[in-house]
Amino acid sequence: MALRVLVGVKRVIDYAVKIRVRPDKMGVVTEGVKHSMNPFDEIAMEEAVRLKEKKLASEVIAVSVGPQQSQETIRTALAMGADRGIHVEIPAGKDYEALGPLQVSKIMAKLAESEKADLILLGKQAIDGDYNQTGQMTAAHLDWPQGTFASEVNVEDKTLVVTEIDGGLETIKITLPAVVTADLRLNEPRYATLPNIMKAKKKKIAKMTAADLQVDIASNLETLKVEDPPVREAGQKVESVEELVGKLKESGCL
Ligand code: AMP
């Protein structure tokens, strides 16, 4: 059985960028800041492409929900090997800032139905909001089984065998259709090569809105304040163990 695989690829601030809080303390600075595909989504995409290479998947569809620039993230997915893309556009601004796992999972569930997907592969977490909820909520909307934090995925006829990590290993068998979320150890994602980047330009990206999918993206979550973590106080250097013990005694730590 060759699977139709939907992969969620979110555009997030690049992991190497130092995040700055906006002066109005209502979010973080995004203008002029490098964005990339969420690292866990690169892993989910790599897994989908490997399934295709093993002829276990018939089609890999990259989905991104977000502003216009999310198309760049989809292009990267296409260059990694996705067959086509779906961009659900949520213009930058109020709606996008309020977009969270509940809204994205509703969109993913609708697309899974319209695309007749057998497998939804997502990252275990997006590194911007750190929610770790979208996969679980998507499975709930669809009433599909889920394998979260996957470190190994094997397709066996109409089932998936998923090994999960959370301190230890748990290997589970789930029936398809299913939702799987990727952990760091699942694979090492490939870089898109220049010929594949060129080829990706010819692949199709369908554009739609949440309204087209009849998904209500209203949020009942309100951000009150965004703050930097407290600044760590400078440490002190000591010359010897005796001095260290003395200082600890002085400060009441010993
Ligand atoms: P989260 O629950 O926000 O930590 O996200 C978990 C996973 O859901 C991500 O790694 C993505 O695979 C997927 N996801 C979340 N938001 C989006 C989005 N806006 N567009 C595409 N995929 C998303």
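For reference, positions follow the sequence shown, starting with 1. Both counts, for ligands and for their atoms, begin at 1 and track the order of listing.
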>> If only side-chain N and O atoms count, and only distance matters, is there a donor-acceptor pair under 3.5 Å linking N154 with E156?
In response: no

>> Distance under 4.0 Å, heavy atoms only, partner ligand 1: which residues pass?
In response: G8, V9, K10, N38, D41, V63, S64, V65, P101, V104, M108, L122, G123, Q125, A126, Y131, N132, Q133, T134

>> Enumerate the salt bridge (Lys or Arg N to Asp or Glu O under 4.0 Å) contacts for residues 128-150, please, sequence neighbours excluded, ordered by first and then second residue.
In response: K10-D128

Atom pairs and distances, side-chain donor-acceptor, residues 220-235, under 3.5 Å, sequence neighbours left out:
none

> Who else is in I86's hydrophobic cluster (ILVMFWY, side-chain heavy atoms under 4.5 Å, direct or via others)?
Replying inline: L6, I61, V63, V65, V88, I90, Y96, L99, V104, I107, M108, L111, I120, L122, L142, W144, V179, M208, L213, V215, I217

>> Does either side chain, that of T171 or that of T163, offer a donor lying less than 3.5 Å from an acceptor on the other one?
In response: yes

> Are S219 and L102 side-chain neighbours, meaning at least one heavy-atom pair lies under 4.5 Å?
Replying inline: no

